[in-house]
Amino acid sequence: MVNTFDLTSLLRENIRELTPYSSARDEFSGVASVLLDANENAYGSPLERHYNRYPDPLQQQLKEKLSTVKGVPPRNIFLGNGSDEAIDILFRAFCRPGIDNVILVPPTYGMYEVSANINDVAIKRVNLTTDFQLDLDAIAETVDANTKLIFLCSPNNPTGNSLHREDVETVLANFNGLVVIDEAYINYSRQKTFIQELTEYANLVVLQTLSKAWGLAGLRLGMAFASEEIIEVLNRIKPPYNINQATQELVLEALDRVEEVNAWIRETVAEREQLSEKMRELPFVQHVYPSDANFILVKTEEPRHIYEYLVKQSIIVRDRSKVALCAGCLRITVGTPRENSILLEALVNYRTVN
Ligand SMILES: *Cc1c(COP(=O)(O)O)cnc(C)c1O
């Protein structure tokens with residue numbers, strides 16, 4: 001792997017030549033008093049708040065504000081209807097169906113695989129090592145001329161750990177395609193974000209989301225941070241109005257309240273450590289993996305039994321025991337202190353019930 005990264009040659013030809021849809025809001029985005037260009041209902045909406053106008057296709061106000069929160073210029077930010085939309089658009093921009101391939105490093109987030117399958121893009125799997133880190137030699141051997149994307153998730157879902165920074169940098173420095181680092185859980189991590197490395201690596205895409213620490217999963221706002229050239233490509237492919245007006249307005253409001261979010265993050269991290277410790281004391285728990293996220297991966301003797309027992313108590317966790325390297329494992333989200341003690345109490349009683 002020698003890095004001779006060239007964005008233009010990486011792009012699919014049809015995307016390189018694409019004339020994007022030009023919306024009414026693209027052609028006129030200034031201030032005017034009579035807007036008769038978009039076939040909207042000029043009278044209003046049957047709601048308190050009016051949503052009769054199409055939203056800003058490029059979400060400029062929102063990006064300005066995110067820019068100050070994240071320390072990245074707006075031109076390096078793409079907004080998607082969840083990170084899942086950014087993932088799908090990356091496939092559509094760079095991967096020729098039936099020809100190109102991507103590298104995934106299981107166990108990891110399931111959407112990369114689903115998106116690859118939807119787009120008819122082959123998957124090359126290079127399992128993480130037993131301590132859930134990158135197998136750099138195997139990745140280097142697996143890359144071929146048609147490998148366009150490598151997805152790395154750090155902190156990783158479902159294992160919870162962060163990838164070693166030097167390993168991620170090795171991949172970035174040696175791969176000619178795009179390295180997508182999914183930082184959905186970065187707010188809970190001891191590691192720092194890769195956003196600041198955008199000036200260093202032309203082939204870097206960092207994904208973040210407001211669905212986890214920011215508590216806005218229902219609004220659907222995912223972010224991709226990358227070079228201006230990559231962002232421009234994503235913007236040309238995306239549906240014109242992919243971020244709805246309500247989301248744009250509500251997120252602008254939410255971004256003013258970062259202190260509340262930071263307090264939750266501190267509490268979640270403290271709860272995570274406490275929950276991990278208490279789980280380690282349970283007789284049927286074999287291992288609680290260290291976590292940099294808002295969930296823990298717990299290895300047990302009988303994951304399915306425990307899962308079903310908890311369902312009967314109206315407590316739902318995620319059974320990950322069928323996933324590569326995760327035999328016996330349940331993934332448990334850190335809840336409120338009350339939820340965590342309900343879970344622990346149920347688990348303490350597990351043996352006696354069965
Ligand atoms: C939850 C999660 C996301 C979030 O996806 P959204 O579409 O933004 O809600 C992205 N990546 C990973 C690894 C996740 O666990």
Side-chain angles (χ1 to χ4, degrees), residues 59 62-63 66 69-70 77-92 102-116 118 123 125 128 132 134 149-163 168 178-189 191 193-195 204-226 234 238-239 242-244 246-248 250-251 254-255 261 264-265 268 272 289 291-297 316-320 323-326 329-335:
Q59 312 98 18
L62 188 46
K63 283 179 187 169
L66 276 168
V69 176
K70 297 290 174 184
I77 306 176
F78 167 84
L79 298 181
N81 187 5
S83 333
D84 293 349
E85 184 176 53
I87 293 167
D88 180 63
I89 292 177
L90 285 164
F91 275 98
R92 287 192 282 151
V102 298
I103 292 183
L104 305 185
V105 293
T108 194
Y109 186 46
M111 270 314 287
Y112 316 138
E113 176 165 351
V114 173
S115 225
I118 290 171
I123 297 168
R125 292 179 182 78
L128 294 173
F132 300 142
L134 295 175
L149 309 171
I150 298 181
F151 283 90
L152 306 178
C153 186
S154 184
N156 187 38
N157 179 2
T159 60
N161 63 295
S162 298
L163 299 174
V168 175
L178 295 186
V179 180
V180 184
I181 307 179
D182 188 339
E183 297 186 338
Y185 301 97
I186 193 69
N187 308 79
Y188 302 104
S189 177
Q191 296 268 344
T193 170
F194 267 88
I195 286 183
L204 169 62
V205 178
V206 177
L207 300 180
Q208 291 189 3
T209 178
L210 298 188
S211 296
K212 306 289 157 63
W214 278 89
L216 298 170
L219 291 184
R220 312 303 303 129
L221 196 87
M223 300 162 276
F225 304 93
L234 305 182
K238 78 176 185 68
N242 63 326
I243 310 297
N244 70 68
T247 295
Q248 293 194 40
L250 289 167
V251 169
L255 290 173
V261 174
W264 282 326
I265 293 168
T268 304
R272 175 185 78 201
Y289 292 90
S291 171
D292 256 352
N294 66 340
F295 57 84
I296 51 176
L297 190 70
I316 315 301
V317 299
R318 199 89 198 267
D319 181 0
R320 298 278 80 186
V323 168
L325 303 180
C326 292
C329 288
L330 298 171
R331 191 195 70 189
I332 302 176
T333 306
V334 178

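No hydrogens, no waters, no symmetry mates; every other heavy atom, side chains included, goes into these values. Note that the structure is predicted; figures quoted are calculated from it, not measured. Read the numbers this way: they start at 1 and go in the same order the structure lists the ligands and their atoms.
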For a quick check: using heavy atoms under 4.0 Å, what are the residues in contact with ligand 1, sorted by chain and number? Gly82, Ser83, Asp84, Tyr109, Cys153, Asn157, Asp182, Ala184, Tyr185, Thr209, Ser211, Lys212, Arg220

Can you check side chain to side chain contact (heavy atoms under 4.5 Å, CB included) on Leu66 and Met223, steps first, answer last? CA-CA 10 Å; Leu66 276 168; Met223 300 162 276; 3.8 Å; yes

With a 3.5 Å cut-off and sequence neighbours excluded, list the donor-acceptor pairs that the side chains of residues 78-86 form with protein atoms.
| unit_1 | atom_1 | unit_2 | atom_2 | d |
| --- | --- | --- | --- | --- |
| Asp84 | OD1 | Tyr109 | OH | 3.0 |
| Glu85 | OE1 | Asn81 | N | 2.7 |
| Glu85 | OE1 | Asn242 | ND2 | 2.8 |

Ignoring hydrogens and geometry beyond distance, is a side-chain donor-acceptor pair present between Gln59 and Gln248 at under 3.5 Å? no

Is there a donor-acceptor contact under 3.5 Å linking the side chains of Arg220 and Asn244? no

Assign the ring pair Phe91 / Phe151 to parallel, tilted or perpendicular, where the plane angle (0 to 90°) is split at 30° and 60°. parallel

Given 3.5 Å as the limit, does a donor-acceptor pair link the side chain of Ser154 with the main chain of Leu163, or not? yes

